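Only a predicted model underlies this, so the values are computations on that prediction, with no experimental measurement involved. Computation of the quantities below employed the complete heavy-atom set of this structure, encompassing side-chain atoms and omitting hydrogens, waters and symmetry-equivalent molecules. Here, residue 1 is the first one in the sequence, and each next residue gets the next number.
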Amino acid sequence: MTIIAHPGTPCPPLLGDWTFPTALVIADRDGIVHVEGSVDTDFPFASVTKPIATYAALIAVDRHMFDLDAPAGPHAPEGATIRHLMAHASGLPFERDYVAQRPERHRVYSNVGIEVMGERFEEETGISIQEYTDEQVLTPLGLTHLMFDGSPAYGAHGTVRDLADLIREWLAPTLVSPALFKEATTPQFPDLDGVLPSYGRQRPNEWGLGFEIRGHKDPHWTSPLHSPRTFGHFGQAGSFIWVDPDVGLGAAFLGAEPYGAEHRKKWTDLNGRIYTCAGRHRHGYVGQRPGDMAADRGN
């Protein structure tokens, strides 16, 4: 997939002042809407890796190579399935040194769960999740600078230009069937509460298959303008990617410093500015929620 930049960026500089190098890209189905900062720098993705790895696994699900409802195996609590692992509902802890609980008790965000998913993937398909992602996602989309050579929970790195192509793919999937992608971006086990890392307990803490679902979480790293159907992920490397299907936009941010107070202070406002400026470019609105826009179109 080739990135096509829109002629004339519609937005003024959005990043503002950061104390370290950062990069931002905004994209829609047609290409890049806005790009800013260190856009060709290789940055760590941390947990933004998770939806990339699970997207590859979903391709295998579509091909009947991998079963979402198959047992998660002996390294997960009894009754847990692959679906539970992808949706952080298996009961496995954040890291391996912590105690597990039964599935579907709470939404327990789990690096271990995604790593066990990767192990089960290799057992079932005979190929590592890293190699399959390279063959079935990175190569077809032309993501030449994105490297995935570590944990499926946090092991990828690359540039925001590659994340722009992922945004375009997730706005109009070509590698996964529409029905399965809708399932993946719909809350799984939707009533579970749990802690969203760095943002506290959320009731409910909605998650799809590898994708965090915004829902009505508060506080949150996206903005209050985003629709509840917004999906994506953020990472402790100081990274995020989101797609709002209601307005046909997405954005990604990478940086040279791990997530900290500066990200927490600035991300929500930054995402509000992104939403307002890029949304105006697409739809001619400023600061309206998707529901308000739909109502306006009906008048």
Side-chain angles (χ1 to χ4, degrees), residues 43-61 65-138 143 146-158 163 166 176 184 188-189 192 194-198 205 207-213 231-241 258-259:
F43 290 113
F45 289 0
S47 288
V48 169
T49 305
K50 290 182 174 74
I52 301 171
T54 54
Y55 193 62
L58 292 173
I59 295 172
V61 171
M65 298 167 60
F66 199 45
D67 185 352
L68 289 173
D69 297 312
H75 300 298
E78 184 177 358
T81 65
I82 301 299
R83 184 185 302 273
H84 286 111
L85 295 175
M86 289 185 177
H88 300 283
S90 70
L92 283 170
F94 175 63
E95 296 289 3
R96 295 184 186 270
D97 294 337
Y98 295 86
V99 176
Q101 55 186 258
R102 64 173 173 79
E104 297 181 48
R105 183 181 179 190
H106 297 290
R107 186 89 61 193
V108 181
Y109 182 78
S110 177
N111 283 341
V112 182
I114 300 300
E115 290 176 335
V116 171
M117 183 276 295
E119 293 166 4
R120 290 286 290 117
F121 184 90
E122 186 166 359
E123 291 170 3
E124 292 298 313
T125 66
I127 185 172
S128 72
I129 190 67
Q130 293 85 354
E131 185 177 354
Y132 195 77
T133 302
D134 184 58
E135 291 180 357
Q136 302 298 329
V137 179
L138 308 188
L143 308 184
L146 199 163
M147 302 297 294
F148 178 25
D149 48 14
S151 166
Y154 50 79
H157 55 95
L163 293 182
L166 273 173
V176 169
Q188 305 289 305
F189 317 104
L192 296 183
V195 174
L196 179 64
S198 302
N205 188 18
W207 224 276
L209 299 174
F211 296 98
E212 187 203 343
I213 311 297
F231 60 87
H233 219 290
F234 89 93
Q236 290 297 321
S239 52
F240 70 65
I241 186 170
Y259 179 90

Subject >> Partner residues of Phe43 under the ring pair (Phe, Tyr, Trp, His ring centres under 6.0 Å) criterion, sequence neighbours left out >> reply: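 In terms of ring pair (Phe, Tyr, Trp, His ring centres under 6.0 Å), with neighbours along the sequence ignored, Phe43 is linked to no residue.
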Original post:
In chain order, what residues pass the ring pair (Phe, Tyr, Trp, His ring centres under 6.0 Å) check against Phe148, with sequence neighbours excluded?
Top reply: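 Phe148 satisfies ring pair (Phe, Tyr, Trp, His ring centres under 6.0 Å) with no residue once adjacent residues are dropped.
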**OP:** Would you mind listing every side chain to side chain donor-acceptor pair (under 3.5 Å) that reaches into residues 48-59, with sequence neighbours excluded?
**Re:**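 Applying side chain to side chain donor-acceptor pair (under 3.5 Å) to every pair that reaches into residues 48-59, excluding sequence neighbours, yields Ser47-Lys50, Lys50-Tyr109, Lys50-Asn111, Tyr55-Glu169.
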Residue list, salt bridge (charged side-chain N to carboxylate O under 4.0 Å, His left out) with [X], at least two apart or on another chain:
{"X": "Arg96", "answer": "Glu115, Glu119"}
{"X": "Glu124", "answer": "Arg120"}
{"X": "Asp149", "answer": "none"}

Original post:
Does any pair with a residue in residues 80-90 pass salt bridge (charged side-chain N to carboxylate O under 4.0 Å, His left out), and if so which ones, sequence neighbours excluded?
Top reply: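 Non-adjacent pairs meeting salt bridge (charged side-chain N to carboxylate O under 4.0 Å, His left out): Asp69-Arg83, Arg83-Glu183.
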Original post:
Under 4.5 Å between any side-chain heavy atoms of Ile114 and Tyr154, yes or no?
Top reply: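 Side-chain contact under 4.5 Å: no.
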**OP:** Just jot down the side chain to side chain donor-acceptor pair (under 3.5 Å) partners of His75, sequence neighbours excluded, or say none.
**Re:**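 So His75 forms no side chain to side chain donor-acceptor pair (under 3.5 Å) with any residue.
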Subject >> Residues that Gln236 engages under side chain to side chain donor-acceptor pair (under 3.5 Å), provided they are two or more places apart >> reply: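 Gln236 satisfies side chain to side chain donor-acceptor pair (under 3.5 Å) with Ser198 only.
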The criterion is side chain to side chain contact (heavy atoms under 4.5 Å, CB included); which residues satisfy it with [X], sequence neighbours excluded?
{"X": "Ala60", "value": "Met65, Phe66, Phe121, Tyr132"}
{"X": "Pro103", "value": "Pro77, Ala80, His84"}
{"X": "Arg105", "value": "Gln101, Arg102"}

**OP:** Please confirm whether the backbone N or O of Ser110 pairs with a side-chain atom of His88, one donor and one acceptor, at under 3.5 Å?
**Re:**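 Present.
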